[in-house]
Structure formats: structure tokens, C-alpha cells
Amino acid sequence: MSRAIEWILLGAGSCTAIIVGLRWHRPARVVPWLLLAGAIAALAIGDVFYAFDEMPFATGFYLAMFVLVAGALLQFTQGGSVLVDRARLIDLLAFACAALLIVWVFVIGDNGFAGEIAASDVIGSLLLIAVAIRLNLAVPGNVAAMLLLAGSVGLLAGDVLYPLFPGEAAESGYRVLYVAWGLAALHPSMVRLTQPMTPSTPRWRGRWAALLGASVATPPIVLLIEALQGEVNDGVPIAIAGAITLTLTITRLADSATLNSLALGREQGLRGASTALVAAADVPAVDEAVRRAVAALLPHDAVGRVVFAPDDRRLAAEALPPAPPGRRRTWWVDGSAPVEASSSVVIDAGMPFWRRGRDLLNRRFGGWFRSGSAGQAGEEATLVCPLWLEPLAVARPSGGALVLTGRRDALTAAHDALEVLAGQAALALDRISLVEAVGRRDSDLYLRAVISNTADLMLVLDEDQRIRYASPALHDLLGEDNISPLATLEDLVHPDDRGQIRRAFTTGGDGTIFCALRRPDHSQTLVEATYRDLRGDRLVQGFVVTMRNAGDPQDTIDRIPHRDQLDELPAWINRRSAQHKFRY
């Protein structure tokens, strides 16, 4: 009875430690630790039945413990958590299982001293130690990983020593397992074991495929050899090893199919985005195509915010840190604000039932365990993809970027696809800018050809007041054949009039102003300038200014402004009028 109470206390304490550790440290994924707690509970229940000599029930719970431990290890190495090269680990585990089976059947099994040792327990413990060692190699110095390894070694020691030397001393290995795995969940380094990372896609190599095939074929070959010898003495170890290698092989194939499906989905998303971006005729159409592509490339719950800034002014409104020095295709923003996750749980009915259950556990229990503010801080980031292409930088020098805030593991996995998407969006924006520039140039050429012989004074200004087009009559009035391509209207007027010019074009809208134009010989000409704000017009995108010479002495009655317009005249005109009045 006392032995049963001891196992109950050890199992309950270890499970409680794991639950408390999840509550304290709030790891990114809780399912592996919950499975580990279930394995400890199954082991403790099995030990209690063993203490009461209920061997059938104890054996069932021991087998359930190994199943739960295997599920926990698969979860620890899935989704890019710590161990990014899970495929090679699965291949090596399958080979190790096959090798252990051969050693047990043909070397250890024939010796009398090992007859009481359960081959399935030893093989399972050795595979558990192999995974724990691989985790320690992936994160050197991680205390939680070292405690998991210590618990695995204690399990192997108990499985080997207790059948040979029954007693409380031989059961110390099991006690080490309970204590070590409970402490592993209490240590802060347990968060590192489930931290999302980028899963790698290993290249196909024939020798690894041959190794996996040989591992799967080993159990039936061993069974065939024993059957040909006349009697099958190791049916249970062969069955256990065959189930393990087959499970590992199916997992390996499932991982490959998942990675291939994700790559195919990203390719289809980029293909659809490319088609939509080629057909986009304006910036809103490009924005819509980019957002649809992001929704196709990333899971629906992986991105909290998408900002498509076609120019640097919109990007500056997001208050992002400055870009790193030099031209970079993408960069990460450190210290990004957490994304507000939706409280509703949405499970895709098309995914396998086991994945639906895993996601449901992660979302239901993960939300409870991560109720504090530090729950998701480590797995969220902001990725900035600049909308910039080297060959066409002159076509659209305003820059801009595609900014995505969400889970770092999802953004990292789709990093290359998002970089390509940003390049395609930049190409679409450059194409639209070039088409509009060509349209404006053709419009200017048409206007120049039509009014080349007219006496009207006309200017077309860009948004920054630079002179895009000036009529020949204005050249004649100023006495200049060529106006600098970088000149603005302020450069042509008297310094006293530049303030009202700046205010008029900064405010926008239509209006009329009086100003004085300066000639190269420092003489001045008073003009009445009527401007129209056509920045919203796709073909103009600027101001159209028509001028009338208000200081022509040949038509002074019609040219001189009315009395109610004197306040709008330049200062030097008002001074000249005052001098004329009081000259006599």
C-alpha cells in the first residue's frame, strides 16, 4: 500500500509541476508538455496497478505511457521548434530501432541474464534517450533539455535494473524520471524547447531513402529468419520494433507531403498574385491584389496586420524604425507590438482530425496558459518588404514597403514568397507610374503642338511646383529660350510674391493671384495667374496655370486690375501706384 501511495504522490507532483510550469512560463506551444504530463500520469497509474499485482492493467498503462511520450517528442520536434532538421532525426531513429532489434534478437536475447528484461521497454527507452540527446545538441546548455535527458536515462536504468535486481533501489531510476521531468517544466528554459523556428526543407538524398527503407524492412526480415529456424521466440519485440519503424516512416512521409503542399500552395498564391498584379491599372487594385496574395500565402490566424504603403509618406505614418543602412530586400523590426488575436476558435474542417484536435488544444489551453502579457511576445514580429527594384528606381523614387505583423514562425516560413510578392508589387507600381508618365508626356507634347503659335501664357506644374511644361509665349515674355527642368514657379516670380505663391499651391484648390515675373535683365512684368488644381486627374496630376499680362502699357485700361483687387497686387505695384498719386 505504501508503494502505491508513493507512486501516486510522485506522479501527481510531477504532473502538477508541469501544469504550474506552463502557467508560469507560458511557452509558445503547450501540447507537447500536456502529452508529457499525460505520459507521467499513465506511468504513475501503471506503477500503482503494479504495486497491487494487477499486471494486465499495469502493462496497458505502460504502453500508453510510451505512446504519449512518443507523441510529446514528435510535438517537440514539429513545426520548426528547436529541431529544424526533423527529417534526419526520424531517419536515424528508424535505423536505431532496427539496429536495436537485431542486437536484441541475435545477441542479447540468447543470453540467460537478459531473459527478464522487456525488450520493448529497452528499445523505447533508448529511442527516448536518442531524441533527448538530439534536443540537447540543438540547444546546448538548456537545463530543461538536460533534465528531460536525465529522466530518460532514469527510465532506461529502471527498465534494465529492476527485472535483474528487484527492490526499492532498482526503482530509483523511475523516481529520477518523475522528479526530472517535473523540474524540466518548472525551469524557464522550457520555453526554448517550443520556440517557433523556420523548418528546413532537406534535399532528397538516395542514401537516406535507402537507410529508411532498410529500417522498415528489418522487422519482417528478422521475423522471417526466426520462422525459418523453426520457432519465433521474439514476436513481441519484433512487433513493437515494426510498429515504431512504420510509425516513423509514415511521419516522415507526412512531413514531406506537408512541406510539398505548403510549397505548392505558395506557388499557386504567387501565380494568382502575378496575374492580378499584371491586370492592375491603379494603386488600389495593386493593394487589393497584394492583400489577397498575403491571405493565400499565410494562415488566416498568422497575420494580425498588413500595411501596403506605396510611398514613403504612408510608410512614415506607421512610425516604424528607420531601415538598416544599405539596400536590403527585407528586414525585421525588433520590439514590435503584440498582435491582438481573435478570441474565437476556428478549426478548418478539411484538415485531419488529429491536427484539428491539436489546434483545438493549443488554442483552448494555450489561451489559458498564456493569459498574461508575455504570452505571445516571443513569437510575434514585424517583417518589412520594401517596394523597390533597382532597374526601375527612377520610375518611382518614392519607395514604400509591404509591412506584415504576425507570428514570426509563419512569416519566416513564407519569407521568400513574401519577398517575391513585394518585388511583383513594386514592378506593378513601376509599370503604372511609367504608363502615367508616358501619358503625361504625350499630353504635354500634344498641348505643345496645339498651342505652339498662340499668345496664351500657360504653365503645367507638378505637385512640388516644378515646371513640367511652359508655353512658347511665356518663353517670349521672360526672354529665356530654355527654363531649367528643376525650376519652380517661385524661381520665376519676384521675392515679395513667393509667399503668396507658396500659400496658394500648398492650400490647393482653384484661384487667381497677381504676381510679378522677373526677366534676366532684372525687369519685371505684372501678370494675373489663374490656377486649377488637377492633381486628382490621371492625365495631368498637377496644377494648370494660365497667365494674363496685367502690365502691358498698350492696353492699360483693360489690363490694370480693378480697385477691389488692389489688395491682391504685389507690394511693388502698390508702392508705384502711391508714388504716381502723390507725384504732383
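Please read these numbers as outputs of a predicted model, since none were measured by experiment.
Between A426 and L387, the shortest heavy-atom contact is CB-C, 3.6 Å. Shortest non-hydrogen contact noted between A150 and V176 is O-CG1, 3.9 Å. Contact detail for P219 and T245: the closest heavy-atom pair is CG-OG1, 3.9 Å. Closest approach of L297 and A414 over heavy atoms only: O-CB, 4.4 Å. Counting all heavy atoms, side chain and backbone alike, A293 lies closest to A273 at CB-CB, 3.4 Å. The heavy-atom pair separating L248 from A94 by the smallest distance is CD1-N, 3.5 Å.
The CD1 atom of I19 lies 11.5 Å from the CH2 atom of W33; values are rounded to the nearest 0.5 Å. Rounded to the nearest 0.5 angstrom, L36 CG and C15 SG are separated by 9.0 Å. In this structure, CD1 on I133 lies 9.5 Å from CG on L126, to the nearest 0.5 angstrom. We find the CG-CD distance between L161 and E171 to be 11.5 Å, quoted to the nearest 0.5 Å. In this structure, NE2 on H415 lies 9.5 Å from CG on L411, to the nearest 0.5 angstrom. For the atom pair OG1 (T16) and CD1 (I40), the distance works out to 10.5 Å, reported to the nearest 0.5 Å.
With hydrogens and angles disregarded, a donor-acceptor distance shorter than 3.5 Å links the side chain of S152 to the backbone of L148. A donor-acceptor pair is defined here as one N or O able to donate and one able to accept, closer than 3.5 Å; such a pair exists between the side chain of H187 and the backbone of S189. Between the side chain of S14 and the backbone N or O of L10 there is no donor-acceptor pair closer than 3.5 Å. The main-chain N or O of A44 is found under 3.5 Å from a side-chain atom of Y178 such that the two form a donor-acceptor pair.
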request  = Please assess L9 against E6 for the test side-chain contact (heavy atoms from CB on, under 4.5 Å), listing each intermediate value before the final yes or no.
outcome  = CA-CA 5 Å; L9 293 177; E6 179 185 3; 5.9 Å; no
ask   = Does the pair L277 and V290 meet the rule for a side-chain contact (heavy atoms from CB on, under 4.5 Å), with working shown?
value = CA-CA 8 Å; L277 290 173; V290 169; 4.3 Å; yes
inquiry  = Walk me through whether L43 and F61 qualify under side-chain contact (heavy atoms from CB on, under 4.5 Å).
reply    = CA-CA 6 Å; L43 178 61; F61 279 101; over 6 Å; no
task = Let me see the working for Y50 and W7 under side-chain contact (heavy atoms from CB on, under 4.5 Å), right down to the final yes or no.
result = CA-CA 10 Å; Y50 186 83; W7 298 127; over 6 Å; no
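The aromatic rings of F57 and F49 sit parallel to each other, their planes meeting at less than 30°, with 60° as the upper class boundary.
E226 has its side chain within reach of I238: a pair of non-hydrogen atoms, C-beta onward, lies under 4.5 Å apart. Using a 4.5 Å heavy-atom threshold, the side chains of L156 and L128 count as separate. Within the 4.5 Å cutoff, side-chain heavy atoms of L402 are placed close to those of V306. Side-chain contact between L186 and L183 is present, with at least one heavy-atom pair separated by less than 4.5 Å. You'll find the side chain of V303 stays beyond 4.5 Å of the side chain of T405, heavy atoms only. Considering only heavy atoms from C-beta on, L270 comes within 4.5 Å of L421 through its side chain. Within the 4.5 Å cutoff, no side-chain heavy atoms of M65 are placed close to those of L68.
More than 12 heavy-atom neighbours from other residues, nucleotides or ligands sit within 6.0 angstrom of CZ on R291.
Side-chain contact annotation: R271 with T275, donor-acceptor N/O pair under 3.5 Å absent.
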